Amino acid sequence: MRILYKNADILCREGSGYRVLKNGYLGTDGPVISYLSDVKPERETYYRTVDLTGKLIMPGLFNCHTHAPMVLLRGVGSDLPLQEWLFDKVMPIEDKLFEAEMKTGTELALMEMIAGGTVSFSDMYFFPHVTAEAVAAAGLKANLNRPVQAFDPQEKGSDNRRVREAVDFYNQYHGYADGRVLIDFCVHAEYTCNEAVTSYLADIVRKEQGNLHIHLSETEREHEACKEKYGKTPAQWFADLGAFDVDAFAAHCVTVEPSDIRLLREKNVSVVHNPTSNMKLGSGFAPIQKMIDAGLNVALGTDGAASNNNLNLFEEMHLAAITHNGFEKDPTIMKPETVLDMATVNGAKVQRRTGCGSIKCGNRADFIVLDMHKPHLTPCLDVPALLVYSAQASDVWMTVCDGRELYRNGEYLTIDAERVYHDVREVTKKLY
Ligand code: NI
């Protein structure tokens, strides 16, 4: 089906920067962008035309590190240090989550992401097949995995149930829903997995040419405990176990050292920056500018809603843009264009999705439409700056993924929102 979106300003990536196509036309043909110009197409062969006067089309956002169903734990154990928050508050509730709860939590997360302009996310959570089915039905994209942990220091990789489940999940769901669902592999973190299991899984990822999602050096405590236990940093630990001899991406990287940054660059590991979570949990400030200067691919994530407490990438863009300037006392560090790249093309690269992350003919039709008829978006003099410093997730008017409209003017087109709100009320009664 061919649809023409007309009269919108369109944010296109050009060279290493951005350009705005004024009063543009964007045509879709099924899941791809087939026309892009400020000139009206000659032949009107479109099934439908959508007038977007006063609106802006920009690429859809990529949330490259989250734990989607954790929206059910929104606000739980706030204001505690990470270890206490995770082990004493979060995990006892997670023990009560089964498939039905996971479905409800995922659907609520998908609603929040779709309404806030997210078209794709990289998740790390259990019961991932439930997430895969919900994503397939809702119409967005996701890179999912079955996280591997091994607390018993003696456990072998071949004995680890989660490794077997991770491989089964990969075989069953990789490329599911017309390729919208991709399956990665995951070692939860150095402090939750032993060496034998990590190295065993790394071998599997190498054999499958897979993509590995990890948590890395999120806190000082975790980083120093690893050095004490193994005599090396978590990054060096993963590298020595072969976990960086594959495509890999690491969330947080708050306490990485200069030698770690060199190692991540050498091994081509992408980094996912989660500014809200790092500040909320008091973890600190990731040396993002140093990583960008070193040539690392840096994307953005919200982390789970229990440590954020939302899945709002406009907020992450805003914080990524201002925090480092403030911390380094230098207003020139983070450019709006750099931050937009982090939320879009760099995220698509983390997810190994070609033809995604920017608006261009032939690319996937993943885009969002912002209503610019708002006081805080007026006047519109510098679009990248406006999007990063002034725009809100609630300015998203439409979300389109693979050419399918998922959300329009406050209405969910693929999810029964009232049914999800009802289910969330029921689950919440059961959990708390
Ligand atoms: Ni996380």
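Just so you know, ligand 1 is whichever comes first in the structure, and atom 1 is the first atom listed for that ligand. Quick note: numbers below take in every heavy atom, side chains included, and nothing from hydrogens, waters or symmetry partners. Computed from a predicted model, the values in this text were never measured in an experiment. Numbers for residues simply follow the sequence, beginning at 1.
Salt-bridge annotation for K227 and E257: present, with a side-chain N of the basic residue lying under 4.0 Å from a carboxylate O of the acidic one. Ion pairing between E190 and K229 fails under the 4.0 Å rule for side-chain N and carboxylate O. A salt bridge is defined here as a Lys NZ or Arg NE, NH1 or NH2 lying under 4.0 Å from an Asp or Glu carboxylate O, and R161 with E165 meets this definition. K280 has no carboxylate O lying under 4.0 Å from a charged side-chain N of D303, or vice versa, which leaves the two without a salt bridge.
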Which atom pairs, one a donor and one an acceptor, fall under 3.5 Å between side chains of residues 366-377 and the rest of the protein, sequence neighbours left out?
residue : atom : partner : partner atom : Å
D366    : OD1  : K141    : NZ           : 3.3
D366    : OD1  : D402    : N            : 2.8
D366    : OD2  : K141    : NZ           : 2.8
D371    : OD1  : H373    : N            : 3.0
K374    : NZ   : D395    : OD1          : 2.9
H376    : NE2  : D395    : OD1          : 3.2
H376    : NE2  : D395    : OD2          : 2.9

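Residues K267 and F238 are not in side-chain contact: their nearest non-hydrogen atoms beyond the backbone lie 4.5 Å or more apart.
For the Ni ion (ligand 1), the set of protein N/O/S atoms nearer than 2.8 Å consists of H65 NE2, H67 NE2, H215 NE2, D303 OD1, ordered by chain and number.
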